[in-house]
Protein chains: 2
Amino acid sequence: MSGSRARTRQAIVDAAIDVLGRNPAASLGDIAAAAEVGRTTLHRYFADRADLLRAVTAEADARLERATAQARMTEGSGASAVRRLCEEYFDLGSVLSLLFTATPASADPSCEEPAGCDPDFTAMVERGHRDGTIDPELPADWVQSLIWSQLYAGWSYQATMGTSRHEVLRLILRTVDGAIAVKAA
Amino acid sequence: MSGSRARTRQAIVDAAIDVLGRNPAASLGDIAAAAEVGRTTLHRYFADRADLLRAVTAEADARLERATAQARMTEGSGASAVRRLCEEYFDLGSVLSLLFTATPASADPSCEEPAGCDPDFTAMVERGHRDGTIDPELPADWVQSLIWSQLYAGWSYQATMGTSRHEVLRLILRTVDGAIAVKAA
DNA sequence: CCGAAACGGAACAGCAGTGTTCCAATCGGG
DNA sequence: CCCGATTGGAACACTGCTGTTCCGTTTCGG
């Protein structure tokens with residue numbers, strides 16, 4: 001039964017994303033429980049904690065990349081592309097807080113999100129600088145930090161307050177739009 | 001030597017704020033080392049880890065309150081008060097990431113920052129709604145989330161990139177201003 | 001200069017998380 | 001139905017953090 005293995009493995013990874021998103025220091029026991037799986041079974045699929053973390057970040061990166069692709073960063077004005085990107089990323093849900101909370105302590109060569117941002121992203125922001133939809137004073141790096149922090153803020157805002165998903169997304173888009181807009185004065 | 005006790009205690013709390021700001025899961029050994037103090041000495045001042053955490057949050061809250069007072073939230077237009085608040089809070093440095101990263105797992109009655117925000121803060125935002133300097137579509141809660149997330153983003157931006165303190169503050173003020181401004185369209 | 005206060009190191013038991021092994025129970029396709 | 005694959009639980013040793021005790025050393029104040 002090879003299909004069973006894949007399904008169990010996926011359930012563990014999904015549970016890990018969810019649990020680690022809430023608490024990055026969660027134990028393997030917690031993750032196994034969330035996946036409704038014995039701790040023994042978890043170790044059967046992932047030898048180390050590091051091994052599991054590798055799989056988790058791989059899955060998270062895959063979802064991130066899919067969302068990025070769907071946002072079509074190269075199309076339309078800079079600001080509209082940023083807007084689409086926010087919409088797609090917001091749907092990532094707990095992957096958001098996982099990627100945001102991810103400690104750079106791992107220190108392996110794959111620097112990921114934090115430093116040196118995606119060339120497509122940089123291109124999008126600079127296009128916005130030229131077409132007058134993004135404040136030229138804001139470097140691409142900072143726009144990236146801005147988006148991530150606001151998405152994360154929205155995610156936890158939704159979690160603590162009882163605000164609806166849709167309403168929170170509206171607030172995020174409104175404030176991000178305003179933040180990157182060319183200033184009047 | 002009573003002055004010595006107070007000085008050592010303060011050194012430990014300061015070091016704890018710094019270390020825990022970077023890594024909320026840091027061990028007591030790490031904190032003691034950062035304070036250039038033996039782990040034994042640390043336990044002489046704080047029985048539990050919980051005890052130390054209490055002192056740390058007390059100190060953080062004190063600094064926070066001092067910064068809040070200096071920002072004079074009740075004066076001037078809503079937006080200008082928000083601006084002053086950002087300037088003061090930015091100076092909090094590592095206290096920022098400590099308060100931001102603080103897990104609500106402690107679950108003690110003192111809810112602190114996360115939920116239900118300060119009445120003065122709410123008043124400031126609503127004043128901004130009326131005087132036309134803050135977008136009336138944005139609830140005070142969200143403005144608070146906004147400010148904290150951007151300050152934290154700026155703090156880590158400064159840490160990872162080599163950007164100067166002053167320049168980062170400029171970026172924060174610019175984007176926060178834009179985010180809360182009344183929208184033209 | 002002397003004693004008390006403060007400090008740091010070593011050692012210890014306790015605890016939680018980890019990684020491993022072994023075995024019994026269950027499930028599923030041939 | 002049956003055999004192999006998959007699973008979960010129990011037990012174990014190991015590690016790192018914690019909280020405590022004890023003792024020798026340093027340092028300040030009278």
Side-chain angles (χ1 to χ4, degrees), chain A residues 1-59 94 97-98 101-108, chain B residues 1-59 94 97-98 101-108:
Chain A
M1 57 180 84
S2 62
S4 172
R5 281 197 69 82
R7 217 175 324 122
T8 307
R9 185 191 151 94
Q10 193 59 37
I12 294 176
V13 172
D14 287 347
I17 288 181
D18 204 67
V19 172
L20 292 176
R22 286 186 237 285
N23 170 23
S27 74
L28 296 184
D30 293 340
I31 296 173
E36 290 174 319
V37 144
R39 195 168 64 90
T40 309
T41 302
L42 190 151
H43 273 104
R44 202 169 281 130
Y45 286 83
F46 306 97
D48 282 40
R49 169 177 257 266
D51 199 10
L52 173 60
L53 288 186
R54 258 191 300 277
V56 164
T57 58
E59 171 70 17
S94 47
S97 59
L98 179 70
T101 320
T103 42
S106 46
D108 51 38
Chain B
M1 57 181 86
S2 62
S4 173
R5 281 197 66 83
R7 216 176 325 120
T8 308
R9 185 191 151 93
Q10 194 58 39
I12 294 175
V13 171
D14 287 348
I17 288 180
D18 204 66
V19 172
L20 292 177
R22 285 186 238 284
N23 171 23
S27 74
L28 297 184
D30 294 340
I31 296 173
E36 290 174 320
V37 144
R39 194 167 65 89
T40 308
T41 301
L42 189 151
H43 274 104
R44 202 168 280 131
Y45 286 83
F46 306 96
D48 282 45
R49 167 177 259 266
D51 199 10
L52 174 59
L53 289 186
R54 257 190 302 276
V56 164
T57 59
E59 171 70 17
S94 46
S97 59
L98 179 70
T101 320
T103 44
S106 45
D108 52 37

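So that the names make sense, note that chain A is the first sequence line, chain B the second, and so on, each numbered from 1. Basis for what follows: all heavy atoms, side chains included, without hydrogens, waters or symmetry-related copies. Model, not experiment: these values are computed from the prediction.
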Peer 1: For B:Arg5 and C:dA4, what is the distance between atoms CZ and C1' respectively, to the nearest whole Å?
Peer 2: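 Spelled out: CZ on B:Arg5 to C1' on C:dA4 is 13 Å.
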Peer 1: Atom CZ of A:Arg49 to atom P of D:dG16: distance rounded to whole Å?
Peer 2: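 Spelled out: CZ on A:Arg49 to P on D:dG16 is 15 Å.
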Peer 1: Judged by atom type as modelled, is there a donor-acceptor pair below 3.5 Å linking the side chain of B:Thr101 to the main-chain atoms of B:Leu98?
Peer 2: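 Flag not set: sc B:Thr101 to bb B:Leu98 has no pair under 3.5 Å.
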Peer 1: Tell me, which of residues 37-44 of chain A have any heavy atom that sits under 4.0 Å from an atom in DNA chain C?
Peer 2: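 Residues of residues 37-44 of chain A that come under 4.0 Å of DNA chain C are, in numerical order, A:Arg39, A:Thr40, A:His43.
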Peer 1: Hey, are the side chains of A:Ser4 and A:Thr8 touching, using non-hydrogen atoms and a 4.5 Å cut-off?
Peer 2: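 Answer yes - side chains close enough.
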Peer 1: If you look only at pairs with a residue in residues 9-20 of chain B, which of them pass as a salt bridge (Lys or Arg N to Asp or Glu O under 4.0 Å), with sequence neighbours excluded?
Peer 2: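 As it turns out, the salt bridge (Lys or Arg N to Asp or Glu O under 4.0 Å) pairs with a partner in residues 9-20 of chain B, which skip direct neighbours, are B:Asp14-B:Arg63, B:Asp18-B:Arg22.
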Peer 1: Once Watson-Crick and G-U wobble pairs under 3.5 Å are found, how is DNA chain C written in dot-bracket notation, 5' to 3', with | for any base paired to another strand?
Peer 2: ||||||||||||||||||||||||||||||
Peer 1: On the nucleotide D:dT7, are OP1 or OP2 found under 4.0 Å from the side-chain N or O atoms that A:Tyr45 carries?
Peer 2: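 Answer yes for this pair, as a side-chain N or O of A:Tyr45 is under 4.0 Å from OP1 or OP2.
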Peer 1: Using whole Å, what does the distance between atom P of nucleotide D:dG8 and atom CG of A:Leu28 come to?
Peer 2: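 In whole Å, D:dG8 P and A:Leu28 CG are 15 Å from each other.
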Peer 1: For DNA chain C, whose closest nucleotide is more 5', that of A:Ala47 or that of A:Asp30?
Peer 2: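 Nearest nucleotide further toward 5': that of A:Asp30.
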Peer 1: Would you jot down, in residue-number order, the residues of residues 8-16 of chain A having a non-hydrogen atom under 4.0 Å from DNA chain C?
Peer 2: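 Contacts with DNA chain C under 4.0 Å: none.
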Peer 1: Grab the CG-P distance between B:Asp51 and D:dG19 for me, whole Å please.
Peer 2: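 The answer, rounded to whole Å, is 10 Å.
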Peer 1: Between C1' on D:dA5 and CZ on A:Arg7, what's the gap in Å once rounded to a whole number?
Peer 2: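 It is 13 Å, rounded to the nearest whole Å.
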Peer 1: Roughly how far apart are A:Ile17 CD1 and A:Ile12 CD1, rounded to 0.5 Å?
Peer 2: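 One finds 12.5 Å between CD1 of A:Ile17 and CD1 of A:Ile12.
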Peer 1: Looking at every strand, decide which applies to B:Phe46 at a 4.0 Å heavy-atom threshold: base, sugar-phosphate, or nothing.
Peer 2: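 It contacts nothing in the nucleic acid.
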Peer 1: Under 3.5 Å, sequence neighbours excluded: what are the donor-acceptor pairs made by side chains of residues 32-53 of chain B?
Peer 2:
from, atom 1, to, atom 2, distance (Å)
B:His43, ND1, B:Arg39, O, 3.3
B:Arg49, NH2, B:Ala26, O, 2.3
B:Asp51, OD2, B:Ala47, N, 3.3

